Amino acid sequence: MRTTAHRTVLSLTLSLAALTSADAVAADCASRLPELLQAAYPGAREGSGDEEGLLRTAGAQPRWIQIDEVACKVWPASPDKTLLAVRLRHQAASGLEVESADLEVLIADSAQPRIAQRYREDDALQSDAIRIGSIALDTARYRLNETTTAFGVRIDYNGSSRANPYGSTQLNLYVADGDSLRPVLRKLEVALDRGEWDTNCAGEFETVERTVAIDAKRDRGYAGLRVTSVEEARRSVAKGEDCTELPVSNRQRVARLAFDGREYKVPADLRGL
């Protein structure tokens, strides 16, 4: 009886210790960022002067990392892994009329500075009239089958025109594949807010919000993705000294994305830039 009670207490103690450890690792993600970036980009050096706050990668074609732009998060589905999404700028200067950057997504060890898997897409992030805003990790539980859970990267885009406001969020999904990562969903637009107006009152506006759920049916081993869109159109009109917003349409629709053996094909009307 005492042995059973002792084992129960020991089991509970170990479980609580594991939870506490996981919480500590999660809170420590930001503080671990420098060592994780050094593991990912050996020989990278911190800049000074005009490059202060940037990390310059080694090699003949260096890239610049603005450290506070890096997304870092312990993966709730697998707390022993830490996720990173890194914007690799082609130039140190920011705020240029046209900017290019690569996007690299990595899975690191949560206990030590070691990179387990990575995927890099050259020239994935382009800023001109439409600017790249924030990059965030999406760790909703995208469980595609019994052994495969995907995670996402969300990229925000913002327009610079006051007369034609524009904002968009795109979602990419990635899965681990041996020693590497591979994308299984690219550029699904999950949020859109745009319009055209006279900068005073009169104009037309559109808002779209999309959610992604896992479908019960499978195609070539992976569950389908059920994308629900809520689309709203509005119109602003001047009435005397007042500006009134009028609803034009509001609808909901559902689309199913099937896995073709390599990735989920995104139709043009759901695809971002």
Side-chain angles (χ1 to χ4, degrees), residues 30 53 66 68-73 85 87 89 91 93-101 103 123-142 151-173 185-215 225-257 264-273:
Q66 190 166 321
D68 61 7
E69 288 182 342
V70 177
C72 175
K73 189 176 185 180
R87 181 178 181 178
R89 295 177 178 270
Q91 296 172 284
S94 61
L96 301 174
E97 190 170 320
V98 178
E99 292 183 78
S100 295
L103 174 64
D123 301 311
L125 304 173
Q126 301 288 333
S127 290
D128 42 49
I130 305 298
R131 312 291 297 176
I132 301 290
S134 64
I135 298 174
L137 291 158
D138 180 346
T139 55
R141 203 167 182 82
Y142 298 107
F151 67 90
V153 173
R154 291 180 178 242
I155 304 168
D156 288 340
Y157 293 82
N158 299 293
S160 55
S161 169
R162 184 166 179 262
N164 299 93
Y166 178 88
S168 173
T169 301
Q170 297 175 20
L171 172 66
N172 298 337
L173 292 181
L185 178 75
R186 304 172 192 254
K187 295 187 175 182
L188 174 66
E189 189 168 56
V190 291
L192 174 66
D193 194 348
R194 64 184 175 186
E196 182 177 356
W197 69 313
D198 63 3
T199 71
N200 182 36
C201 174
E204 297 181 347
F205 304 90
E206 177 189 12
T207 301
V208 180
E209 295 288 341
R210 295 191 174 102
T211 56
V212 182
I214 302 301
D215 190 75
L225 300 180
R226 191 170 67 256
V227 181
T228 301
S229 304
V230 177
E231 304 168 357
E232 179 185 355
R234 308 175 307 282
R235 182 164 53 93
S236 292
V237 296
K239 291 186 177 182
E241 295 183 357
D242 296 327
C243 185
T244 302
E245 189 172 272
L246 304 173
V248 174
S249 64
N250 193 320
R251 69 168 183 160
Q252 179 174 307
R253 60 191 179 105
V254 179
R256 184 182 184 276
L257 307 185
Y264 293 93
K265 292 298 183 184
V266 180
D269 61 335
L270 301 182
R271 192 174 179 86
L273 295 171

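It should be emphasised that the depicted structure is a prediction, and the values quoted were computed from it without experimental measurement.
With no hydrogens or angles considered, a side-chain donor-acceptor pair links Gln66 and Asp68 at under 3.5 Å. A side-chain donor-acceptor contact under 3.5 Å links Asp156 and Ser134.
At a threshold of 4.5 Å between non-hydrogen side-chain atoms, the residues Lys73 and Thr139 count as touching. The side-chain heavy atoms of Arg253 and Arg210, taken from C-beta on, include a pair separated by under 4.5 Å. Two residues are said to be in side-chain contact when any heavy atoms from C-beta on lie closer than 4.5 Å; Ile135 and Glu69 fail this criterion. Residues Tyr264 and Val212 are not in side-chain contact: their nearest non-hydrogen atoms beyond the backbone lie 4.5 Å or more apart. For the pair Glu232 and Glu209, the minimum side-chain heavy-atom distance is 4.5 Å or more. Ile132 is listed as a side-chain neighbour of Tyr157, based on a closest heavy-atom distance under 4.5 Å.
Minimum interatomic distance between Trp197 and Arg162 (heavy atoms only, all atoms of both residues): NE1-O, 2.8 Å. Pairing each heavy atom of Ser161 with each of Asn164, the nearest pair is OG-N, 3.1 Å. Taking both residues in full, the closest heavy atoms of Asp193 and Arg234 are given as OD1-NH2, 4.4 Å, listed atom of the first, atom of the second, then distance. Taking each heavy atom of Arg87 and Ala101 in turn, the nearest pair found is CG-CB, 3.8 Å. For Asp138 against Arg154, the heavy-atom pair with the smallest separation is OD2-NE, 2.9 Å. Of all heavy-atom pairs between Ser236 and Phe205, the closest is OG-CE1, 3.5 Å.
The closest donor-acceptor contact from the side chain of Lys265 to the backbone of Leu257 lies at 3.5 Å or more, if one exists at all. Judged by distance alone, the side chain of Ser160 and the main-chain N or O of Ala129 form a donor-acceptor pair under 3.5 Å.
Counting heavy atoms of neighbouring residues, nucleotides and ligands inside a 6.0 Å radius, atom CD of Glu245 exceeds 12 of them. Within 6.0 Å of atom CD in Gln126, more than 12 heavy atoms from other residues, nucleotides or ligands are found, so the atom counts as buried in its surroundings.
Summarising the geometry, atom SG belonging to Cys201 is positioned 12.5 Å from atom CD belonging to Glu241; distances are rounded to the nearest 0.5 Å. Between atom OH of residue Tyr166 and atom CD of residue Glu206 there is a gap of 10.0 Å, rounded to the nearest 0.5 Å. Note that CG of Leu185 and CG of Asn172 are 6.5 Å apart. Values are rounded to the nearest 0.5 Å. For the atom pair CZ of Arg271 and CD of Gln170, the computed distance is 8.5 Å after rounding to the nearest 0.5 Å. Atoms CG and CG, from Asp215 and Leu225 in turn, are 8.5 Å apart once rounded to the nearest 0.5 Å. Here CG of Leu171 is found 5.0 Å from OH of Tyr142. Values are rounded to the nearest 0.5 Å.
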Start with the C-alpha gap between Arg186 and Val266, add the side-chain angles, then the distance that decides, and say whether side-chain contact (heavy atoms from CB on, under 4.5 Å) holds. CA-CA 7 Å; Arg186 304 172 192 254; Val266 180; 6.0 Å; no
